[in-house]
Number of protein chains: 2
Amino acid sequence: MARGFVTAEEVAKRAGVSRSAVSRTFTPGASVSQAVRRKVLKAARELGYRVNRLAQGLNNDRSNLIGVVGANLSAPFHAKQLDLLSIGLLRRGLQCLLLNAADARKDIAPLIELLFEFRAQAIIVLSGEPPESIVDQCIANGVRLILINQKIDRTDTSMVLSDDSRGADLAALRLIEAGCKKVAVISSGSQTPAQVRRTTAFKKKMATAGVEVVAWSGGTTSYESGYQAGCEVLVDEAIDGAFCVTDLLALGFLDAARTEMHRRVPADLSVVGFDDIPQAGWKSYELTTVAQSFSALTEHVLEALEADEMETRLQVVPVTMVERKTARR
Amino acid sequence: MARGFVTAEEVAKRAGVSRSAVSRTFTPGASVSQAVRRKVLKAARELGYRVNRLAQGLNNDRSNLIGVVGANLSAPFHAKQLDLLSIGLLRRGLQCLLLNAADARKDIAPLIELLFEFRAQAIIVLSGEPPESIVDQCIANGVRLILINQKIDRTDTSMVLSDDSRGADLAALRLIEAGCKKVAVISSGSQTPAQVRRTTAFKKKMATAGVEVVAWSGGTTSYESGYQAGCEVLVDEAIDGAFCVTDLLALGFLDAARTEMHRRVPADLSVVGFDDIPQAGWKSYELTTVAQSFSALTEHVLEALEADEMETRLQVVPVTMVERKTARR
DNA sequence: ATGAAAGCGCTAACAC
DNA sequence: GTGTTAGCGCTTTCAT
């Protein structure tokens with residue numbers, strides 16, 4: 001639909017110079033005289049000329065496009081991540097080609113292949129696990145692959161992830177400190193690698209501490225699932241603590257605990273979450289939670305993007321406990 | 001960075017056919033014999049060939065790229081909108097080039113110009129108001145411009161927006177029905193057109209009903225601003241109703257009302273919001289609010305995208321009142 | 001149905 | 001410093 005766009009040739013004609021003079025004028029480190037440059041700029045302005053980046057990318061082999069694939073983009077965690085990421089990319093002069101998978105489990109591979117067709121220079125995966133074959137194709141084609149909060153067993157792709165097991169340990173410690181005797185771990189039915197890591201680390205820590213833990217898992221990673229978890233898990237009156245592997249789950253769980261299951265938090269029940277999404281700080285919740293550093297995560301992703309060596313990069317970002325009001329002191 | 005990508009020429013060589021045969025094989029309605037097609041497909045598979053859409057777009061003048069510019073993408077409303085939109089685009093075979101403005105007020109024009117350089121076929125503006133000159137350039141270049149919840153006085157661009165004034169009327173009516181005598185309208189300091197429309201329509205309706213209204217406005221469109229509004233506005237004990245022009249504001253306002261200003265909702269105070277973001281339905285809030293139909297909004301945007309005539313399109317999407325528990329019955 | 005050739009808008013290597 | 005020329009990977013007449 002470029003119909004209507006002015007070409008460099010037209011500008012050249014109008015300015016009375018050659019096609020290349022125009023090109024040079026718009027190429028940062030080129031040699032053009034002030035006189036020519038001025039003429040070109042004038043003509044370009046009058047005609048409303050814009051460099052065609054697609055054509056530009058065609059011969060210097062750099063599309064400037066960074067593919068971002070994700071799913072469930074309206075979930076606070078992903079939304080926040082995408083927000084930061086897209087700003088960061090833009091700031092570095094990179095464009096973000098966003099592909100939103102309706103279903104993270106299955107739709108991710110075709111999306112990455114689509115990104116190949118657009119010659120994305122790198123691909124950032126926000127959620128979903130790319131199959132081996134796709135990873136192979138990435139390295140074969142020289143496309144950098146960066147996985148967020150996803151760990152796969154390869155030395156040829158970048159991964160940046162929060163320290164899930166450390167976070168789970170912190171959560172466990174905190175619940176122990178709150179004096180809990182029987183706790184629940186709540187995760188969603190989607191069982192993403194990150195959730196699995198958190199769950200198992202938590203169980204392990206609790207086991208060594210001799211605290212009984214019951215695991216619940218089901219539904220999607222949503223407020224609703226958390227709510228449902230609360231309703232089901234808390235019929236057991238003995239439960240006095242819960243670790244929800246995601247804040248969204250925690251918020252739903254909290255609401256179920258308070259409104260449906262009549263627990264006082266943190267008097268009867270201590271709850272800790274994971275992520276520290278904006279809503280966790282809202283007055284109605286004030287959730288004690290393990291914070292992922294969105295900005296650090298983003299920073300490392302951008303770094304991995306720019307690193308010139310496609311070296312092995314497994315960046316583990318530290319997490320911190322943010323103390324609010326849902327765990328007993 | 002296409003370094004490593006296989007070209008059609010290599011496939012042709014391997015398949016023992018001409019370059020054009022390869023092209024035809026990958027062009028939907030072209031005439032190739034089954035024999036050739038098979039050979040090409042085989043060679044392509046073995047080599048890992050992918051059509052280069054950038055080059056493809058170069059000569060048939062269609063990039064397949066749809067520019068999406070927005071800001072504040074982690075806000076629930078925008079996140080939801082973007083989520084739906086990106087899925088819809090993908091489903092229609094269009095790619096989404098996302099540009100996130102750090103500041104909606106000022107950064108939007110350069111982003112649109114950048115989109116020109118990528119030869120975006122259309123540009124969807126999620127937030128922020130594009131200056132006249134930019135709009136002119138869009139039409140000059142044959143780039144369709146679609147504004148969401150933004151109304152500008154032009155006949156050559158598509159706009160799809162929720163029926164803000166009708167929504168404000170509904171809110172007013174509801175507050176009157178709740179028996180409010182003195183109400184507040186809360187908006188953010190950013191004063192987006194949508195917020196202004198809602199505020200003025202609300203005031204007008206209340207005026208004709210003879211209900212006193214005090215307006216508060218400040219900060220960004222956020223939970224925090226809503227909270228602050230609550231703290232400041234509710235020192236006036238006479239206020240027994242509030243219309244927050246955005247759910248995010250409403251949620252903050254509610255929390256301030258309940259925790260800080262000791263109001264019972266809806267007994268002492270009725271609150272109604274606007275948008276119906278997911279959090280409005282959470283148990284801790286159960287906000288009575290005017291719902292925008294995200295899906296209808298998205299649907300119309302996609303339609304506007306595909307309409308072959310770049311006719312005037314001002315699509316006003318109906319809103320509905322969703323009754324929950326923050327307005328007195 | 002198929003190959004040769006021209007061209008999409010641009011950049012870069014090469015002369016001058 | 002500047003114009004000429006040759007591509008970048010693809011599609012599309014135009015012959016055959």
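FYI, side chains are in, hydrogens and waters are out, and symmetry mates aren't considered; it's all heavy atoms of this structure. Just so it is clear: chains get the letters A, B, ... in the order the sequence lines come, proteins before strands, and each one is counted from 1.
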- Message: According to side chain to side chain donor-acceptor pair (under 3.5 Å), who are the partners of B:S23, at least two apart in sequence or on a separate chain?
- Response: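 Not a single residue meets the side chain to side chain donor-acceptor pair (under 3.5 Å) criterion with B:S23.
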- Task: Please identify each residue that fulfils side chain to side chain donor-acceptor pair (under 3.5 Å) with A:N149, with sequence neighbours left out.
- Result: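 Listed in chain order: A:Q292.
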Starting from [atom2] on [N], measure out to [atom1] on [X] and report it in whole angstrom.
| X | N | atom1 | atom2 | result |
| --- | --- | --- | --- | --- |
| A:L58 | D:dC10 | CG | P | 9 Å |
| B:L54 | D:dT11 | CG | P | 12 Å |
| A:N59 | D:dC8 | CG | C1' | 5 Å |
| A:F118 | D:dC10 | CZ | P | 13 Å |

- Query: Which pair of heavy atoms, one from B:C138 and one from B:I123, lies closest together, and at what distance?
  - Reply: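 It is SG-CD1, 4.5 Å.
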- Would you please test B:T157 and B:I139 for side-chain contact (heavy atoms from CB on, under 4.5 Å) and show each step? CA-CA 8 Å; B:T157 125; B:I139 68 143; 5.5 Å; no
- Task: Give a yes-or-no answer on whether the side chains of B:R53 and B:Q95 include a donor-acceptor pair shorter than 3.5 Å.
- Result: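 Their side chains do not contain a donor-acceptor pair, so the 3.5 Å distance test is not met.
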- Message: For the residue pair A:S190 / A:T192, report whether a side-chain donor-acceptor contact shorter than 3.5 Å exists.
- Response: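 There is no such pair between these side chains.
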Contacts table for residues 33-40 of chain B: side-chain donor-acceptor under 3.5 angstrom, sequence neighbours left out:
{"from": "B:S33", "atom 1": "OG", "to": "B:V36", "atom 2": "N", "distance (Å)": "3.2"}
{"from": "B:R37", "atom 1": "NH2", "to": "B:T25", "atom 2": "O", "distance (Å)": "3.3"}

- Which pairs count as side-chain hydrogen bond (donor to acceptor under 3.5 Å, both in side chains) when at least one residue sits in residues 7-16 of chain A, sequence neighbours excluded?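 Sorted result for residues 7-16 of chain A: A:R14-A:E46.
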- Qualifying residues under salt bridge (Lys or Arg N to Asp or Glu O under 4.0 Å), relative to B:R24, sequence neighbours excluded: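 Once residues adjacent in sequence are excluded, B:R24 has no partner under the salt bridge (Lys or Arg N to Asp or Glu O under 4.0 Å) criterion.
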- Residues in salt bridge (Lys or Arg N to Asp or Glu O under 4.0 Å) with A:D83, at least two apart?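 Listed in chain order: nothing, the list is empty.
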Quick one: which protein N/O atoms are closer than 3.5 Å to N/O atoms of nucleotides 1-4 of chain D? Pair and distance per line, please.
{"from": "D:dT2", "atom 1": "OP1", "to": "A:S33", "atom 2": "OG", "distance (Å)": "2.6"}
{"from": "D:dT2", "atom 1": "OP2", "to": "A:S33", "atom 2": "N", "distance (Å)": "2.7"}
{"from": "D:dT2", "atom 1": "OP2", "to": "A:S33", "atom 2": "OG", "distance (Å)": "2.9"}
{"from": "D:dG3", "atom 1": "OP2", "to": "A:S18", "atom 2": "N", "distance (Å)": "3.2"}
{"from": "D:dG3", "atom 1": "OP2", "to": "A:S18", "atom 2": "OG", "distance (Å)": "3.0"}
{"from": "D:dG3", "atom 1": "N7", "to": "A:R24", "atom 2": "NH2", "distance (Å)": "2.6"}
{"from": "D:dG3", "atom 1": "O6", "to": "A:R24", "atom 2": "NH1", "distance (Å)": "3.4"}
{"from": "D:dG3", "atom 1": "O6", "to": "A:R24", "atom 2": "NH2", "distance (Å)": "3.4"}
{"from": "D:dT4", "atom 1": "O4", "to": "A:S20", "atom 2": "OG", "distance (Å)": "3.4"}

- Message: Taking any atom closer than 4.0 angstrom to a non-hydrogen atom of chain A, what span of DNA chain C does the protein reach, first nucleotide to last?
- Response: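 The contact span of chain A on DNA chain C goes from C:dG9 to C:dA13.
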- Query: Heavy atoms under 4.0 Å, any strand shown: does A:F26 hit a base, just sugar-phosphate, or nothing?
  - Reply: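 The answer is nothing, as A:F26 stays clear of every strand by at least 4.0 Å.
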- Side-chain donor or acceptor of B:S158 paired with backbone N/O of B:A304 under 3.5 Å: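 The answer is no, because no donor-acceptor pair under 3.5 Å joins these two groups.
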- Item | Terminal axes of the helix from C:dA1-D:dT16 to C:dC16-D:dG1 (five pairs each): angle between them, nearest 10 degrees |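 It works out to 40° between the end axes.
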- Task: Could you note down all residue pairs passing salt bridge (Lys or Arg N to Asp or Glu O under 4.0 Å) where residues 87-100 of chain A supplies at least one of them, sequence neighbours left out?
- Result: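 As it turns out, the salt bridge (Lys or Arg N to Asp or Glu O under 4.0 Å) pairs with a partner in residues 87-100 of chain A, which skip direct neighbours, are A:R92-A:E299, A:R92-A:E306.
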- Item | Test side-chain contact (heavy atoms from CB on, under 4.5 Å) applied to A:D153 - qualifying residues, sequence neighbours left out |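 side-chain contact (heavy atoms from CB on, under 4.5 Å) check on A:D153 returns nothing, list empty.
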- Query: Among residues 40-48 of chain B, which contact DNA chain D at a heavy-atom distance under 4.0 Å?
  - Reply: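 Heavy-atom contacts with DNA chain D come from no residue of residues 40-48 of chain B; none.
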